Amino acid sequence: MPLPRWLARINRRYLNPAELRRGVRPVLTHVGRTSGRTYRTPLDAHALPDGGYLFVPLYGPRTDWVRNVLAAGTATLTIDGAEVHLESPRLVRKHDVQPPLARLRASGNAELLRMDRTREP
């Protein structure tokens with residue numbers, strides 16, 4: 001069950017900037033679907049065996065960062081000081097992720113955002 005929207009507004013205004021300053025969490029850089037502005041969102045990124053990443057939208061799949069990434073089709077993940085370029089965003093259910101990731105704190109029916117590493121030319 002997604003967290004309430006009022007908490008998302010508080011998080012975006014106060015907690016996210018603090019997390020960005022700390023520089024400890026993975027950060028997803030994406031472009032606004034209507035503004036074209038670049039946004040940086042601290043998230044938990046779960047690496048997949050095939051090189052992709054899985055993200056848990058705590059406030060549901062209708063949050064701005066999820067909609068921005070789906071609209072743009074790409075994003076950049078900064079994790080442990082390295083940049084990883086991602087593509088092909090899509091919503092998946094936790095129970096459809098192979099192999100199953102037991103460490104994810106989400107119900108089996110929760111919608112997650114999955115992205116693949118950009119293929120090198």
Side-chain angles (χ1 to χ4, degrees):
M1 173 184 239
L3 297 173
R5 295 296 308 155
W6 62 266
L7 185 58
R9 287 189 292 277
I10 291 171
N11 193 16
R12 183 177 30 215
R13 175 133 182 156
Y14 299 106
L15 299 178
N16 283 358
E19 287 294 316
L20 289 170
R21 281 191 301 275
R22 282 183 54 214
V24 177
R25 297 187 63 185
V27 175
L28 190 68
T29 304
H30 52 94
V31 177
R33 63 192 176 282
T34 56
S35 68
R37 181 177 162 201
T38 300
Y39 292 96
R40 297 177 66 228
T41 306
L43 299 166
D44 287 328
H46 301 275
L48 297 171
D50 64 2
Y53 283 88
L54 200 61
F55 304 93
V56 180
L58 295 178
Y59 303 102
R62 309 286 301 151
T63 51
D64 286 332
W65 72 266
V66 173
R67 294 169 63 194
N68 288 344
V69 169
L70 289 170
T74 64
T76 302
L77 178 66
T78 305
I79 188 165
D80 296 329
E83 283 191 354
V84 179
H85 299 283
L86 301 172
E87 65 183 1
S88 303
R90 59 210 176 270
L91 292 172
V92 298
R93 303 266 182 205
K94 179 183 175 187
H95 59 68
D96 292 334
V97 175
Q98 294 298 327
L101 298 176
R103 69 183 181 271
L104 285 180
R105 292 185 187 177
S107 70
N109 207 29
E111 286 187 289
L112 311 171
L113 183 72
R114 188 199 194 296
M115 295 187 77
D116 302 322
R117 281 182 178 259
T118 301
R119 292 183 196 92
E120 298 299 323

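Since the structure is predicted, the reported quantities are computational estimates derived from the model, not experimental observations.
For the pair Glu111 and Pro61, the tightest heavy-atom approach, listed with the atom from each and the gap, is OE1-CG, 3.1 Å.
Within the structure, salt bridge (charged side-chain N to carboxylate O under 4.0 Å, His left out) pairs that include any residue of residues 46-56 comprise Asp50-Arg114 (at least two apart or interchain).
Distance check: Arg117 CZ to Leu48 CG gives 11.0 Å after rounding to the nearest 0.5 Å. One distance of note links NE2 of His46 with OH of Tyr53; it measures 11.5 Å at 0.5 Å rounding.
In this structure, Val66 and Leu91 have side chains that are in contact, with non-hydrogen atoms separated by less than 4.5 Å. Contact of the Trp65 side chain with the Leu43 side chain is registered, since non-hydrogen atoms from C-beta on lie closer than 4.5 Å.
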Contacts under 3.5 angstrom, residues 76-88 side chains, donor-acceptor by atom type, not counting sequence neighbours:
residue : atom : partner : partner atom : Å
Thr76   : OG1  : His85   : ND1          : 3.4
Glu87   : OE2  : Arg119  : NH1          : 3.4

Solution key, residues 23-31 side-chain donor-acceptor pairs under 3.5 Å, sequence neighbours excluded:
residue : atom : partner : partner atom : Å
Arg25   : NH2  : Asp44   : OD1          : 3.2
His30   : NE2  : Thr41   : OG1          : 2.9

Please tabulate, one pair per line, all N/O donor-acceptor pairs under 3.5 Å involving side-chain atoms of residues 33-40, not counting sequence neighbours.
residue : atom : partner : partner atom : Å
Arg33   : NH1  : Asn68   : OD1          : 2.5
Arg33   : NH2  : Asp64   : OD1          : 3.3
Ser35   : OG   : Arg37   : N            : 3.1

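Residues Leu58 and Phe55 do not share a hydrophobic cluster, defined by chaining ILVMFWY side chains whose heavy atoms lie under 4.5 Å apart.
Partners of Arg90 according to the salt bridge (Lys or Arg N to Asp or Glu O under 4.0 Å) rule, which considers only residues two or more places apart in sequence or in another chain, are Asp116.
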